[in-house]
Amino acid sequence: MEVEQWLHMANGDGENSYATNSRLQEKAMLETRPVLQGAVVELYRSLPDKSTMVVADLGCSSGPNTLLLVWEVIGTISDHNREEEQEQRPPAAAMELQFFLNDLPGNDFNLVFRSLDRLQELTADRRPQYYVAGMPGSFYTRLFPCRSVHLFHSSYSLMWTSKVRDELSRGAYLNEESIYIGKSTPPAVIKLYQEEYQKDLSLFLTLRFNELVRGGHMVLTFLGRKSKDMLLHGEASSMCELFDQVLFFCNVWQGLVEKEKLVSFNLPFYAPSMDEVKAVVEENNLFNVEHMSVFESSWDPQDYDTNDDVVLGCSSSGLNVARCIRAVAEPLIKKHFGEAILDDLFMVYASMISKHLKKAKAKYPIIIIYLKAKH
């Protein structure tokens with residue numbers, strides 16, 4: 001499978017689309033807002049020439065969340081200038097903002113561009129002036145000229161790796177009972193996932209450093225782990241293990257999934273621990289860590305109470321979670337297994353998640369890291 005061709009969220013704005021089922025990602029962006037606002041203000045104050053700021057969102061996807069970054073940056077600079085005016089400081093020179101929205105070519109950029117009219121209505125009375133452009137391509141390649149970008153932002157994207165390791169994708173079937181990392185995954189396979197992630201993250205940092213202006217900033221948010229244990233209740237690996245069970249059920253009991261396709265499917269995904277991320281950043285030695293933390297978000301995108309460990313409506317939560325995962329994984333599943341299994345597959349998945357949530361509320365650990373390029 002060519003990851004760059006098939007790794008994108010479900011297009012359009014229908015019932016199973018990412019645009020309709022991206023509340024989870026919205027919650028993460030709202031949680032990250034204070035860090036992003038702080039980064040924007042610090043960067044804005046540090047610019048010797050306040051005529052232009054270039055901001056790039058990597059892995060922008062489509063739907064209502066796509067333009068949240070644009071809205072936040074415009075609002076933060078506008079509010080900052082208003083505060084300076086109230087304090088009777090000299091007014092800042094008029095600034096223009098250039099936003100680049102990046103994702104892989106399969107992303108629904110048409111939906112993104114159709115939403116720009118609504119954004120212009122909402123920002124009609126706000127300054128600074130801004131311009132928005134699409135930038136298709138993998139963020140594991142060079143995307144921008146040297147020293148041209150002031151701020152990189154990425155939310156819910158950097159857990160996706162550039163590829164499935166060749167050892168896993170070329171017929172050896174080293175990880176037959178899992179699509180990611182599960183209880184049966186051999187240590188050698190776990191090491192392959194870790195090595196690919198470390199290589200990709202180091203490459204990502206190097207590419208972005210070359211594209212950032214000196215002292216430029218990055219705010220990155222992605223799924224991770226709270227500890228070295230990859231199989232804690234609620235973390236990404238336990239969700240993938242549930243999907244393993246669904247695929248096995250559809251293979252053995254319903255005959256919907258071919259055995260060969262079942263054992264050959266591996267996700268181009270890795271949820272790192274904070275220690276793993278920090279180690280790669282330190283070894284790369286191109287950025288200073290200004291902030292790093294982890295927060296938790298319920299699997300159910302409609303559940304905002306992360307302090308309560310009880311799930312009151314397991315059936316409805318199971319459906320919510322399954323729809324959210326379908327919006328993310330459907331293109332990969334469709335390519336590998338075919339479209340005919342999708343409805344049955346995710347119906348069973350919703351049921352299994354409901355049973356899983358009866359044990360306790362499951363929560364994703366999400367890592368936030370704010371980096372500043374070294375001079």
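Given the structure is predicted, the values throughout are model-derived calculations rather than measurements.
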Undergrad: Verify, without hydrogens or angle tests, whether Thr141 (side chain) and Ser138 (backbone) share a donor-acceptor contact under 3.5 angstrom.
TA: yes

Undergrad: Where is the tightest heavy-atom contact between Pro105 and Gly137, given as atom of each residue plus distance?
TA: CD-N, 4.2 Å

Undergrad: Taking all non-hydrogen atoms of both residues into account, name the closest pair between Met159 and Leu223 and its distance.
TA: SD-N, 3.7 Å

Undergrad: Checking side chain to side chain contact (heavy atoms under 4.5 Å, CB included) against Val40, which of Val219, Ile77, Leu69 comes through?
TA: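 Of Val219, Ile77, Leu69, side chain to side chain contact (heavy atoms under 4.5 Å, CB included) with Val40 is met by Ile77 alone.
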
Undergrad: Cation-pi between Arg142 and Phe144: NZ/CZ under 6.0 Å from ring centre and within 45° of the ring axis?
TA: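 Checked: cation-pi criterion not met.
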
Undergrad: Which word best sums up how the rings of Tyr270 and Tyr197 line up, parallel for under 30°, tilted for 30 to 60°, or perpendicular for over 60°?
TA: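 Aromatic pair Tyr270/Tyr197 classed tilted.
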
Undergrad: Please check if the side chain of His150 supplies one atom and the backbone of Val55 the other of a donor-acceptor pair under 3.5 Å.
TA: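 No, the answer is negative, given that no donor and acceptor are paired below the 3.5 Å cut-off.
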
Undergrad: Report the C-alpha separation of Leu47 and Met95 in whole Å, then their side-chain angles, then the decisive distance to 0.1 Å, and conclude whether the side chain to side chain contact (heavy atoms under 4.5 Å, CB included) test is met.
TA: CA-CA 11 Å; Leu47 292 178; Met95 168 177 275; 3.8 Å; yes

Undergrad: How close do Tyr130 and Phe99 get, counting heavy atoms only, and between which atoms?
TA: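 For Tyr130 and Phe99, the tightest heavy-atom pair comes out as CB-CE1, 3.8 Å.
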
Undergrad: Would you confirm whether Glu211, through its side chain, and Leu143, through its main-chain N or O, come within 3.5 Å as a donor-acceptor pair?
TA: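 At least one qualifying donor-acceptor pair exists.
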
Undergrad: Given side chains that start at C-beta, do those of Asp103 and Pro136 come closer than 4.5 Å, heavy atoms only?
TA: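 Asp103 vs Pro136: side chains apart.
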
Undergrad: Could you check whether any side-chain N or O of Glu276 sits under 3.5 Å from a backbone N or O of Ser273, counting only pairs where one atom can act as donor and the other as acceptor?
TA: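 Indeed, once roles are kept as given, a pair shorter than 3.5 Å links the two residues.
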
Undergrad: Please check: side-chain N/O of Glu296 versus main-chain N/O of Pro365, any donor-acceptor pairing under 3.5 Å?
TA: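 Side chain of Glu296 to backbone of Pro365: no pair is present.
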
Undergrad: Take atom NZ in Lys374; do more than 12 heavy atoms of anything else shown fall under 6.0 Å from it?
TA: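 Enclosed.
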
Undergrad: Do His153 and Ser155 pair up side chain to side chain, a donor and an acceptor below 3.5 Å, judged on atom types alone?
TA: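 Judged by distance alone, the side chains do not pair up.
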
Undergrad: Are His217 and Tyr370 close enough that a side-chain donor and a side-chain acceptor fall under 3.5 Å?
TA: yes

Undergrad: If you measure from the Lys or Arg side-chain nitrogens to the Asp or Glu carboxylate oxygens, is any gap between Glu42 and Arg45 under 4.0 Å?
TA: no

Undergrad: A quick test of your reading: do over 12 heavy atoms of other residues, nucleotides or ligands sit less than 6.0 Å from NZ of Lys199?
TA: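 Counting other residues, nucleotides and ligands, NZ of Lys199 exceeds 12 neighbours.
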
Undergrad: Short question: side chain of Ser78, backbone of Ile74 - any donor-acceptor pair under 3.5 Å?
TA: no

Undergrad: Under a 3.5 Å cutoff, is there a donor and acceptor pairing between the side chains of Asn284 and Thr206?
TA: yes

Undergrad: Hey, does the Lys NZ or Arg CZ of Arg147 hover above the aromatic six-ring of Phe209, less than 6.0 Å from the centre and inside 45° of the axis?
TA: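 The answer is yes, since Arg147 meets both limits relative to Phe209.
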
Undergrad: Side-chain contact, heavy-atom cut-off 4.5 Å: Gln194 with Ile190?
TA: yes

Undergrad: Quick check against the 3.5 Å criterion: does Ser202 have a side-chain atom that pairs as donor or acceptor with the backbone of Gln198?
TA: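 No, Ser202 side chain to Gln198 backbone: no donor-acceptor pair under 3.5 Å.
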
Undergrad: ring-ring contact (aromatic ring centres under 6.0 Å, His included) between Phe222 and Tyr156: does it pass, once the steps are laid out?
TA: CA-CA 4 Å; Phe222 46 90; Tyr156 257 75; 9.6 Å; no

Undergrad: Please check if the side chain of Asp57 supplies one atom and the backbone of Leu101 the other of a donor-acceptor pair under 3.5 Å.
TA: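 Not confirmed, Asp57 side chain does not pair with Leu101 backbone.
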
Undergrad: Closest approach of Ile367 and Pro272, non-hydrogen atoms and distance?
TA: CD1-O, 3.6 Å

Undergrad: Hydrogens and angles aside, do Ser162 and Glu196 bring a side-chain donor and acceptor to less than 3.5 Å of each other?
TA: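 A donor-acceptor contact under 3.5 Å links the two side chains.
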
Undergrad: How close do Ser154 and Leu58 get, counting heavy atoms only, and between which atoms?
TA: OG-O, 2.9 Å

Undergrad: Over all heavy atoms of both residues, which pair between Phe204 and Leu220 is shortest? Give the atoms and the distance, please.
TA: CE2-CD1, 4.0 Å

Undergrad: Quick check against the 3.5 Å criterion: does Asn107 have a side-chain atom that pairs as donor or acceptor with the backbone of Ser61?
TA: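 Flag set: sc Asn107 to bb Ser61 pair under 3.5 Å.
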
Undergrad: Please assess Val294 against Ile368 for the test side chain to side chain contact (heavy atoms under 4.5 Å, CB included), listing each intermediate value before the final yes or no.
TA: CA-CA 6 Å; Val294 62; Ile368 307 173; over 6 Å; no

